[in-house]
Amino acid sequence: METIKIGLKHLLPGQVVSSVTFDSPKSFPNSPSDVKHFLIGAKVLLVKRRAKVLLIELSSKYSLAIHLKMTGQLVFINHMTKSKSKLKTIKTTERFGAGHPNNSLIGKLPDKSTRVNIRFESGANLYFNDQRKFGWMKLLPTAEIPNTDFFKKLGPEPLATSFTASDFADRMNKRPNTSIKAALLDQSVIAGVGNIYSDESLWGAKIHPATLVRKLSASKLETLFHELQYVLKLSINKGGSTDKNYLDAQGRRGSYLRFARVFRRDGKPCPRCGVIIIKIRIAGRGTHICPHCQKEPRT
DNA sequence: CACTTGACCTGTCCGC
DNA sequence: TGCGGACAGGTCAAGT
């Protein structure tokens, strides 16, 4: 989501919404009246992110809040005409934003998983596609967003400059009797960490994901904190973790998973010791570990 | 209260 | 090829 934000923040501000189409209230719960009053005619001011939610601030004092969940995509298509281009030869369609893993989507949206289509006066479109309908896009008063249930319970951003290793340990220690993996995935402890980065950071810190938080020493937690920051920064630099559905902000696939050391690498050798990586189930999630580097905790 | 499990959806993959 | 079941990057509600 951070890579999507990085791309869209250079593309959306200044765009004025001209029309919107949407289907089910599950993907877009607002009424046509909300759309008419707070979205149509509004200009995009800012693009931000909090946890896994993208925020598009509008001149109407409302914002679009977007959560992609497992299979959501945001695809920005700027339909440009040859007549408007004097400086260079350009493609008739340029696509930006997060979206489909290959270029076959160009010119083919909307499709059957398109939940919302926002059209701008410039002729550009922002498509919200979501195969599984877990994700959502909602129009909310900008000032109210921090007071929503979802935002109120979020923990700190792991890459915030003010967030230290001891802050991290303090947060984790609020969940002493759960597995470290469940604690990492709990958005009220730390915001924004999902299954990929929890597995990757635990491998980096040589911690078995089933280890109870209270069994971890302060120095282990500090190592985990640094490994978590490392994998998050690396992934942002590589354009995110595109696998099936996500694209990075410039319309390219993110490449982080090529650098992943355990995630979806079961059956392959651990890059540190060569022992075959296995996949297990922890905290109800598929979990990838090196059984040699990440020893099972004694109970 | 802390913690875990199932449900929400659709598509794909794997074994029979 | 067809069919059934398990599984998928996240979050809730309901359960223990």
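Quick note on labels: first sequence line is chain A, next is B, and so on, each numbered from 1.
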So what does A:Arg115 touch, heavy atoms closer than 4.0 Å: a base, only the sugar-phosphate, or nothing?
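A:Arg115: no heavy atom of the nucleic acid under 4.0 Å.
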
At 4.0 Å (heavy atoms only), tell me whether A:Gly135 reaches a base, stays on the sugar-phosphate, or touches nothing.
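No contact.
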
Which comes earlier along DNA chain C counting from the 5' end, the contact point of A:Arg132 or that of A:Trp136, where each point is its nearest nucleotide?
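Its nearest nucleotide being more 5', the pick is A:Arg132.
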
What integer distance in Å separates [X]:[atom1] from [N]:[atom2]?
X: A:Arg281; N: C:dA6; atom1: CZ; atom2: P; answer: 11 Å
X: A:Asp130; N: C:dG9; atom1: CG; atom2: P; answer: 15 Å
X: A:Ile282; N: C:dC7; atom1: CD1; atom2: P; answer: 14 Å
X: A:Arg49; N: C:dG10; atom1: CZ; atom2: P; answer: 14 Å
X: A:Met70; N: C:dG9; atom1: CE; atom2: P; answer: 5 Å
X: A:Leu212; N: B:dC3; atom1: CG; atom2: P; answer: 9 Å
X: A:Lys138; N: C:dT11; atom1: NZ; atom2: C1'; answer: 11 Å
X: A:Lys26; N: C:dT11; atom1: NZ; atom2: C1'; answer: 10 Å

Tell me, yes or no, whether the heavy-atom count around [X] atom [atom1], taken from other residues, nucleotides or ligands under 6.0 Å, exceeds 12.
X: A:Lys220; atom1: NZ; result: yes
X: A:Tyr230; atom1: OH; result: no
X: A:His226; atom1: NE2; result: yes

Interface residues of residues 171-202 of chain A with DNA chain B (non-hydrogen, below 4.0 angstrom):
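When residues 171-202 of chain A is checked for heavy atoms under 4.0 Å from DNA chain B, the hits, listed by number, are A:Arg175, A:Pro176, A:Asn177, A:Thr178.
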
Watson-Crick and G-U pairing of DNA chain B, under 3.5 Å, as dot-bracket with | and [ ]:
.|||||||.|||||||

Spacing of the P atoms in B:dC3 and C:dG9 (rounded, Å):
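After rounding to an integer number of Å, I get 23 Å for this pair.
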
If you measure from the P atom in B:dG11 to the same atom in C:dT11, how many Å do you get, rounded?
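Nearest-Å result for B:dG11 against C:dT11 at atom P: 22 Å.
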
Hey, does the side chain of [X] come within less than 4.0 Å of [N]'s phosphate (OP1/OP2), counting only N and O?
X: A:Lys52; N: C:dG10; value: yes
X: A:Arg285; N: B:dG6; value: no
X: A:Arg264; N: C:dG9; value: yes
X: A:His67; N: C:dT11; value: yes
X: A:Lys112; N: B:dG11; value: yes
X: A:Lys279; N: C:dA8; value: yes

Return the nearest nucleotide to the side chain of A:Lys153; candidates are C:dG10, B:dG11, C:dC12.
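Closest nucleotide among those given: C:dC12.
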
Closest nucleotide among C:dA8, B:dG11, C:dT11 to the A:Gln131 side chain:
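The listed nucleotide nearest to A:Gln131's side chain is B:dG11.
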
Taking side chain to side chain contact (heavy atoms under 4.5 Å, CB included) as the definition, give me every residue that meets it alongside A:Val16, ordered by chain and number, with sequence neighbours left out.
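Once residues adjacent in sequence are excluded, the partners of A:Val16 under the side chain to side chain contact (heavy atoms under 4.5 Å, CB included) criterion are A:Lys43, A:Glu121.
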
With sequence neighbours excluded, give me every salt bridge (charged side-chain N to carboxylate O under 4.0 Å, His left out) pair touching residues 159-172 of chain A.
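Found none.
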
Taking only residues at least two apart or on different chains, which pairs with a member in residues 186-208 of chain A satisfy salt bridge (charged side-chain N to carboxylate O under 4.0 Å, His left out)?
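Those involving residues 186-208 of chain A are A:Arg175-A:Asp186, A:Lys181-A:Asp199, A:Glu200-A:Arg261.
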
Would you mind listing every side-chain hydrogen bond (donor to acceptor under 3.5 Å, both in side chains) that reaches into residues 16-25 of chain A, with sequence neighbours excluded?
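Non-adjacent pairs meeting side-chain hydrogen bond (donor to acceptor under 3.5 Å, both in side chains): A:Ser19-A:Arg119.
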
Cation over ring face, A:Lys238 and A:Phe259, 6.0 Å, 45°:
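Yes, a cation-pi geometry.
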
Would you tell me whether A:Arg214 and A:Asn177 have side-chain atoms, one donor and one acceptor, within less than 3.5 Å of each other?
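Their side chains do contain a donor-acceptor pair, which is all the 3.5 Å distance test asks for.
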
ring-ring contact (aromatic ring centres under 6.0 Å, His included) between A:Tyr256 and A:Phe263, intermediate numbers included
CA-CA 10 Å; A:Tyr256 175 74; A:Phe263 190 81; 8.9 Å; no

Compare the aromatic ring of A:Phe134 with the six-membered base ring of B:dC8 and state whether they stack according to the 5.5 Å and 30° rule.
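A stacking contact exists, since A:Phe134 sits close and nearly parallel to the base ring of B:dC8.
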
Pair A:Trp136-A:Val53, side-chain contact (heavy atoms from CB on, under 4.5 Å): steps then yes or no
CA-CA 10 Å; A:Trp136 41 257; A:Val53 176; 4.1 Å; yes

